[in-house]
Amino acid sequence: MAGFRPSSTRWTLLLSLVIVLGCLIIPGFAVKHESFKTCSQSGFCKRNRAFADDVTAKGSTWSSPYELESSSIQFKDGQLHGTVLKSLSADEKVRLPLVVSFLESGVARVTVDEEKRLKGEIELRHNSPARKERYNEVEKWALVGGLDLSKTATLEPETEAGVTRVLYGPDNKFEAIIHHNPFKAEFKRDGQTHVQLNHQGYLNLEHWRPKVEAPEGSEQETSEDESTWWEESFGGNTDSKPRGPESVGLDITFPGYSHVFGIPEHADSMSLKQTRGGDGNHNEPYRMYNSDVFEYELNSPMTLYGSIPFMQAHRKDSTVGVFWLNAAETWVDIVKATSSPNPLSLGVGAKTDTQSHWFSESGQIDVFVFLGPTPQDISKTYGELTGFTQLPQHFAIAYHQCRWNYITDEDVKEVDRNFDKYQIPYDIIWLDLEYTDDRKYFTWDPLTFPDPISMEKQLDESERKLVVLIDPHIKNKDGYTISEELKSKNLATRNKDGEIYDGWCWPGSSNWIDTFNPAAIKWWMSLFKYDKFKGTLSNVFIWNDMNEPSVFNGPETTMPKDNLHHENWEHRDIHNVHGVTLVNATYNALLERKKGEVRRPFVLTRSYYAGAQRMSAMWTGDNQATWDHLAASLPMVLNNGIAGFPFAGADVGGFFQNPSKELLTRWYQTGIWYPFFRAHAHIDTRRREPYLIAEPFRSIIAQAIRLRYQLLPAWYTAFHEASVNGMPIVRPQYYVHPTDEAGFAIDDQLYLGNTGLLAKPVVAEDATSVDIYLADDEKYYDYFDYTVYQGAGKRHTVPAPMERVPLLMQGGHVIPRKDRPRRSSGLMRWDPYTLVIVLNKDGHADGTLYVDDGETFDYERGAYIHRRFAFRNSALSSEDLGAKGPKTNEYLKKMAGVRVERVIVVDPPKDWQDKTSVTVIEENAKAATTASIEYHSQQDGKASYAVVKNPNVAIGNSWRIEF
């Protein structure tokens, strides 16, 4: 949520005071542009852009001041060390330590620091206690592995002066070429250059220099504009900048690549646009500075709530990427330069290079280079560095019901009963801000939520859960124990003078927990224990909102950059990773709520950075109930997936405003394809629980939700795959068809994991059909009636009346599902499976299924089922993919009664028409058995299908069904 709309009279006085003080942003109907900086209003952004313009204007006459000192180069154990010299004059040079690490995974890491700051040989202004070094601890929060140095990387013999070459990567097929003067680097795979650093010459590291005060009454002459070097004001706030200017900038070029993706979060297309103007382009760089942007606009490079500085470039048969490990405010310019072919080079077309320019306000240059070559390789190696997405509890991938706010515990109970009355499944109901007592977290309003335990017990009867809001701002109030402890234990974020920072958020005057501080994390973890957070049971989970952090009276609705965190790092250094530190503390708190009771935590975060995927889900923030916002949700979710955070979703129905019945219905039909599937709404909107919507829309929405539940086995399998190899849960067109250039920019249709399910949600008003693009010449079948679509590189019109979810099945897949409708996913645990076999052109199909208890970490000790299904030579077999552990046998015994009740074969051979039975062979069975089969012939473009009834094989066993 964003903005401020108090819902009770007790807030009237406070709101009046706030308005008088001018401390709060009052909601409007669009983003308040004046509250957020443009590049020209951000000193370091303006400087770096101007620097790039100057370099470009000078062209061949430009001489870069950066040179790698040849005599400083050392190479040992997969790491190259050296010193880059920045020439200020003939006699003055700044020393910049360089480390290039070649990792076992095939990733190369380039870091550039500043010797004087590193050694603390600088002076801070204003007697600031801030750290003198450039921030170098973001990896503590973002990275978890993949940093082993290569044992095989080798320094090539010098073949030309001023150039150093290193072979590395798988079979040493990658090559890094480092040029000394000017300093730049290029990274090759298979003899081709795929990534270039400082190819444009935009490298710019603002070194430390003392502020020279001009004598009183004199006008100091300077060749540079120093107006934003030493302090900077915006929106009535002044940033003291005790370290002076310290930004870092670097250009990164992808030669031969015309599409780049990633760097979420932006409400924009998946394929990133150019940012230097022109038709259809942006005029501003993409900004990453996690912010509470009220009613954000679409098709914009404006910053939003989260940021992952990970960019991928894709062209036919090749994907590469870079990860800019910096938690400070960061901007990225993108220019696509197309060169005309040489008229003498017959058959050679024009070539497009994507030139990106990255600049951050502080910190080091720390860049990871990924050479792929496939999207899957990029996902895996990036995931090894920052962590794969969590495997959540099973309930978390089902339907979540939320609004700001359910007003009483009886209201929650009534909503719960109504879902059952109208036979609409759901798993989780959410409580926003108003459940608390006077907006004090870890409390319950004694008037409206007098008996939360009774409410939670009712939910538990249907295996449903409750999620409550806990934000990082703590109401500053005497007598509030948590506030008093936060201050007395010195666990709060401090201002530039070292005093506890006080700002305004939902509770009014607030202090912020400093979750960079290990002592603060330990204290925060204690607050969630059942005896401390009274009124909570084990089915209560947590929502961390406003953790950018959102500060209503702060600059750009966040904290001053010169605030201080643990060990005196400035807020400017750590801003984008702030939300991750809170989620980390909350995740660990949920692990330790009760001794001996360990369940996988569920935490939702609004603010995020690389690494948040290990601990949380995310959503796209405060969207609007418009068709355009519905359409924008798809590229936003897809971009998060390819940037390593696939557990993503958008508020179904739109947070602000009241959707029409048609829009709400279409949004549910879209939301079932978000990995995180939650409806949410603003406190001022009308109630819109699905059972309140008039027919026929109510039944259509219920049908869509049931489809999500039917496919939960496929969803959970996709989540498991993401948790072990980093692949997106829902995948864009280019990811599945990396050679089909016509599909690279498509971001309005998606594939679910490896299932072959292809969805194209309706996101336009009054639409009765959609055009689905098929890249390959496999047969695709309508999920519901098996209509056949075939034809590579073409768009196919698929009917989409209001009651229809456009969904195709690609030939060649086995799709697991559960067909019995239940009130919640927990009640489906022991239900039988249906396997849908969709044959490809060769009559083959493959699929996988992953199952565990959906709650604990016992799967780490072998308590899971992982099967591969293969259809070959008119037989379906189930093969074990699992590795045995100490809990395997116990779990398999528990699951022995869970069977396969149906097998549906789509487009079977015509000679099956006369079959009446199939042979079933199951491991450990005394003899083969038979099951009945029915063949259903269809006409008018619809494929025939066959149904095997009750083969009665255990889902956890090996077996074979022969047709």
Side-chain angles (χ1 to χ4, degrees), residues 258-259 261 268-273 280 298-299 314-317 349 375 627-628 630-639 641-642 662 666-667 669-674 704 707 728 730-813 815 838-841 906-907 938 940-943:
S258 57
H259 289 281
F261 310 113
D268 202 19
S269 58
M270 189 182 70
S271 182
L272 301 172
K273 299 182 178 75
L298 305 179
N299 305 309
H314 182 76
R315 69 184 187 205
K316 187 174 182 178
D317 278 335
W627 289 96
D628 286 344
L630 168 59
S633 69
L634 290 169
M636 292 177 77
V637 168
L638 289 169
N639 231 353
I642 60 177
E662 180 191 0
R666 290 303 197 187
W667 212 317
Q669 293 176 336
T670 303
I672 62 173
W673 304 112
Y674 303 152
L707 177 58
V730 291
R731 299 170 186 174
Q733 190 73 19
Y734 90 90
Y735 199 98
V736 180
H737 301 284
T739 65
D740 180 50
E741 294 175 289
F744 291 171
I746 292 176
D747 57 11
D748 60 356
Q749 61 185 53
L750 54 86
Y751 286 84
L752 170 56
N754 277 321
T755 63
L757 288 169
L758 173 58
K760 172 71 178 282
V762 176
V763 296
E765 191 171 14
D766 297 328
T768 56
S769 66
V770 295
D771 289 336
I772 299 184
Y773 176 79
L774 301 183
D776 55 328
D777 62 357
E778 270 297 348
K779 287 183 178 179
Y780 283 74
Y781 305 85
D782 184 276
Y783 181 83
F784 304 99
D785 66 11
Y786 309 145
T787 298
V788 181
Y789 299 90
Q790 190 173 22
K794 291 170 54 180
R795 290 187 177 272
H796 299 259
T797 300
V798 176
M802 181 60 65
E803 67 277 7
R804 193 68 164 262
V805 175
L807 177 61
L808 303 184
M809 301 181 288
Q810 182 191 37
H813 295 273
I815 303 166
V838 192
L839 300 179
N840 67 10
K841 294 178 297 182
V906 180
D907 211 1
Q938 295 201 119
D940 303 323
K942 294 180 172 61

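FYI, the numbering just counts along the sequence from 1.
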Assert yes or no for the condition that the ring centre distance of Y751 to H737 is strictly below 6.0 Å. yes

State, yes or no, whether a side-chain contact exists between K841 and Q790 at a heavy-atom distance under 4.5 Å. yes

What I'd like to find out is whether the side chain of V762 reaches to under 4.5 Å of the side chain of P806, using heavy atoms alone. yes

For a quick test of reading the model, state the closest non-hydrogen atom pair linking P761 to W673 and the distance between them. CG-CD1, 4.1 Å

Rounded to the nearest 0.5 Å, what's the gap from CD1 on I772 to OH on Y789? Could you check? 7.5 Å

Using a 4.5 Å cut-off on heavy atoms from C-beta on, say whether the side chain of Y783 contacts that of V805. no

Keeping Q749 on the side-chain end and Y773 on the backbone end, is there a donor-acceptor pair under 3.5 Å? yes

Pairs flagged by salt bridge (Lys or Arg N to Asp or Glu O under 4.0 Å) wherever residues 737-763 is involved - sequence neighbours left out: D748-K760

What one should report as the nearest heavy-atom pair of Q733 and I746 is CB-CB, 4.1 Å

Please test L638 against V730 for side-chain contact (heavy atoms from CB on, under 4.5 Å), starting from the C-alpha separation and ending with a verdict. CA-CA 7 Å; L638 289 169; V730 291; 4.1 Å; yes

Contact between L707 and F784 at the side-chain level, heavy atoms closer than 4.5 Å - yes or no? yes

Name the residue from L758, L757, L807 that meets the side-chain contact (heavy atoms from CB on, under 4.5 Å) definition with L752. L757

Please round to the nearest 0.5 Å and tell me the distance separating atom CG of L272 and atom CG of N639. 6.0 Å

Heavy-atom side-chain contact between Q938 and V788 under 4.5 Å: no

Just by modelled atom types, is the E662 backbone N or O under 3.5 Å from a matching donor or acceptor in the E765 side chain? no

Output, in order, the C-alpha distance, side-chain angles, deciding distance and verdict of side-chain contact (heavy atoms from CB on, under 4.5 Å) for R804 and V770. CA-CA 11 Å; R804 193 68 164 262; V770 295; over 6 Å; no

Taking R666 for its side chain and A767 for its backbone only, find out whether a donor-acceptor pair lies under 3.5 Å. yes

About how many Å separate NE2 of H813 and CG of N754, when rounded to the nearest 0.5 Å? 7.5 Å

If you take all heavy atoms of A704 and I672, which pair is closest and at what distance? O-CG2, 3.3 Å

Straight-line distance of D907 CG to Y781 OH, nearest 0.5 Å: 3.5 Å

Please round to the nearest 0.5 Å and tell me the distance separating atom CG of D268 and atom CG of N299. 6.0 Å

Closest approach of A775 and A792, non-hydrogen atoms and distance? O-CB, 3.4 Å

Classify the angle between the aromatic ring planes of H314 and F744 as parallel (below 30°), tilted (30 to 60°) or perpendicular (above 60°). perpendicular

Donor-acceptor pair, side chain of R731 and main chain of P728, under 3.5 angstrom: yes

Within-4.5 Å side-chain heavy-atom neighbours: L808 and H796: no

Look up atom NZ in K316 and atom NE2 in H259, then write down how far apart they are to the nearest 0.5 Å. 13.5 Å

